[in-house]
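For clarity, every value in this text was computed on a predicted model and none was experimentally measured. Numbered from 1 within each chain, the chains take letters A, B, ... in sequence-line order.
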There are 2 protein chains.
Amino acid sequence: MEPDLIEQIRDFNRFYTERLGLLTDRYLGGDRPLGPSRLLWEIGDRRDVSELRDRLGLDSGYLSRLLRGLEEQDLIRVLAHPRDGRARIAELTEAGRRERDTLDQRSRAGVRALLGGLSPEQQHELAAAQGRVRRLLRLASVTITPVAAGDPEAWRCLQRYAAELATRFPEGYDDAALTRPEELTGSLLLARERGEPVGCGAWIRLDTRTAEIRHLWVDGTARGLGLGRRLLHHLEADAAAHGAGTLRLGTHRCLGEAIALYRGAGYHEIDAYSDSPYNQICFEKHQPVAEPG
Amino acid sequence: MEPDLIEQIRDFNRFYTERLGLLTDRYLGGDRPLGPSRLLWEIGDRRDVSELRDRLGLDSGYLSRLLRGLEEQDLIRVLAHPRDGRARIAELTEAGRRERDTLDQRSRAGVRALLGGLSPEQQHELAAAQGRVRRLLRLASVTITPVAAGDPEAWRCLQRYAAELATRFPEGYDDAALTRPEELTGSLLLARERGEPVGCGAWIRLDTRTAEIRHLWVDGTARGLGLGRRLLHHLEADAAAHGAGTLRLGTHRCLGEAIALYRGAGYHEIDAYSDSPYNQICFEKHQPVAEPG
DNA sequence: GCGATTACCTGACCGGGGTCAGATAATGTC
DNA sequence: GACATTATCTGACCCCGGTCAGGTAATCGC
């Protein structure tokens, strides 16, 4: 990896830190310290206290004190939870909503002032470039790891995969088609973003030299990052390391993005090789294999 | 301005703040708090204490305490200034240099790990997109204001402009060609980035309907932002507001970027209209004028 | 040489952000 | 019903970053 590139990224980080100090903090902060502002913002209209603690990653003591502070200023109300006597719910009062809105307004005004110095085309260019930075950084932060066949997180991914297919296929989808742990003669990969599962993929052995890619799936919030391709590459590399020089897969005609992904990755269409009703269109690809020796 | 765009920018700011927390702080901070780390970094090898105070914008008391802290850990030495008995100089010890290098190393490692999740092309794409964001944000933060003819900051810009031309023109440049305050029948614009002058430009009246653009200059550190074009637009708009429907300007053949800028802005080449030896190539452009009425 | 200024140090103080150790009450688990 | 767990609150405490007032010594300007 080129050192220059690392230096450029660091430089950008420094640059952006400096700029952010002038944007986020100042405009969001207003007269009140940052903590309460963020909290006010995060409460939205009403929200479970436990959820707030998770989202903001705060110590329960600290959060409790922040809440009390806001309550004293009549910006929020804290109510009992209807179904759990221990839990509580924070809710913005009318004044709280006004306060949140003014904070919001101030923040927007700051950004508007900044954008004012740019032409409309440049504004769009900025937004586009930021979008690209963001997608790439998100992609970079996703980790892909092999997991055991019965891994509960992976299983949950597979079920979300199945649920999605059920809504997208006109004929629906029967989970019985999911690969059961004992069928998994290859590997199961799980993609996580900041710890949260956001995608999966598996391959199984068809014969000693052939692997079948299955259940490649990316969560809706993580689409557009290029994660599908990254997962696919991982699966291919893993299969190659296990001696599979031929990769096959089948998919449904209505999954346009998936088909485009496979074609883009060098797969070419072949005749059906399996009798799964969902494999309406099948692909194959050959790859070099690390020969033992 | 589209609200969506503002929302996108804010979103990116939030996103990046969150990411930065995981990058800059953690990796730079190490076990020691941020202040000392930044200081260690900023000292470089040795540096005047007063300079540190300016650069980091710290209270003298706070800085003094930070320095003492580092001194106690034998990371720095504070020496008397050779020429000013009041001033002092901070210098990294051998251990301090090592410490700074490990901080640096850790920061680089963090970025490297992040980039590891991306393909080389994506890494370059990231750097390029960050570069674009950065240039646009810098451009956005530049303010352009008209200043009085004799403005000292503007004058300093003009002199830097003259100094630069003197090195770039094979025949040198005589400052006598600079527009003197009493010649300035139009306007003088000064561009500032974070308060610092980074560019200038002027126009003078040739006749009631014709303005001449002069001394369009952008500091080396602010080039590539598109500031030249922005200054030119400002000058044109200002001249238009004063009834000038025809714009003229002359430049030197060796100023390729300037020539490209003018052509890109709609100027077409004309015969020489002035006898300035530096106007080797002349341009003209017509623009609509706000008619009184 | 005298007063003003400058560069730095010292000590006192402050607030924000954050952790920790219980306390309390409601809820699950067996 | 006993016991562990969970959700929140409370009070004590800590550190970092930062400000302020005052002190000391050197230097500048006249």
| field | Strand-adjacent residues in residues 53-67 of chain A, judged by heavy atoms under 4.0 Å from DNA chain D | value | A:R53, A:S60, A:G61, A:S64, A:R65

| task | Nearest whole angstrom, please: distance from the P of D:dC9 to the CG of A:L52. | result | 11 Å

| task | Let me know, please, whether A:P36 or B:E51 comes out on the 5' side of the other along DNA chain C by nearest nucleotide. | result | B:E51

| field | Reported OG-to-CG distance for the pair B:S64 and B:L58, which is rounded to 0.5 angstrom | value | 11.5 Å

| query | Tell me, for nucleotides 25-30 of chain D in 5' to 3' order, what letter each nucleotide earns: B for a base near a protein heavy atom under 4.0 Å, S for only sugar-phosphate near one, - for neither? | reply | -BS---

| All pairs passing salt bridge (charged side-chain N to carboxylate O under 4.0 Å, His left out) where residues 138-150 of chain A contributes a residue, at least two apart | A:R138-A:E193

| note | Note: contacts of residues 72-80 of chain A with DNA chain C (heavy atom, under 4.0 Å) are none

| said: Tell me the interatomic distance from A:L70, atom CG, to D:dT8, atom C1', rounded to whole angstroms. | reply: 16 Å

| query | Can you tell me how far the CD1 atom of B:I76 sits from the CG atom of B:D45, to the nearest 0.5 Å? | reply | 13.0 Å

| When you check the side-chain N and O atoms of B:R194 and B:S141, is any donor under 3.5 Å from an acceptor? | no

| remark: Sorted by chain and number, sequence neighbours left out, side chain to side chain donor-acceptor pair (under 3.5 Å) with A:E183 holds for none

| Going from CD1 on B:I9 to CZ on B:R14, what distance comes out if it is rounded to the nearest 0.5 angstrom? | 11.5 Å

| task | Write down the atom of B:L52, the atom of B:I43, and the distance for their closest heavy-atom approach. | result | CD1-CG1, 3.8 Å

| Salt-bridged, B:R156 to B:E153, with N to O below 4.0 Å? | no

| request: Evaluate the criterion salt bridge (Lys or Arg N to Asp or Glu O under 4.0 Å) for residue pair B:E71 and B:R68; output intermediate values, then yes/no. | output: CA-CA 5 Å; B:E71 209 174 7; B:R68 213 180 333 122; over 6 Å; no

| message | Testing the 3.5 Å rule here: is there a donor-acceptor pair between the side chains of B:D48 and B:S50? | response | no

| For the residue pair A:Y173 and A:Y161, does the interplanar ring angle fall in the parallel (under 30°), tilted (30 to 60°) or perpendicular (over 60°) class? | perpendicular

| Validation row: A:R160, A:W155 side chains within 4.5 angstrom (heavy atoms) | no

| field | Given DNA chain D, 5'-ward residue of the pair A:R68 and A:A87, judged by closest heavy atom | value | A:A87

| field | Any donor-acceptor N or O pair under 3.5 Å, side chains B:S60, B:R53 | value | no

| 5' to 3' contact window, DNA chain C with chain A (heavy-atom distance under 4.0 Å) | C:dG16 to C:dT27

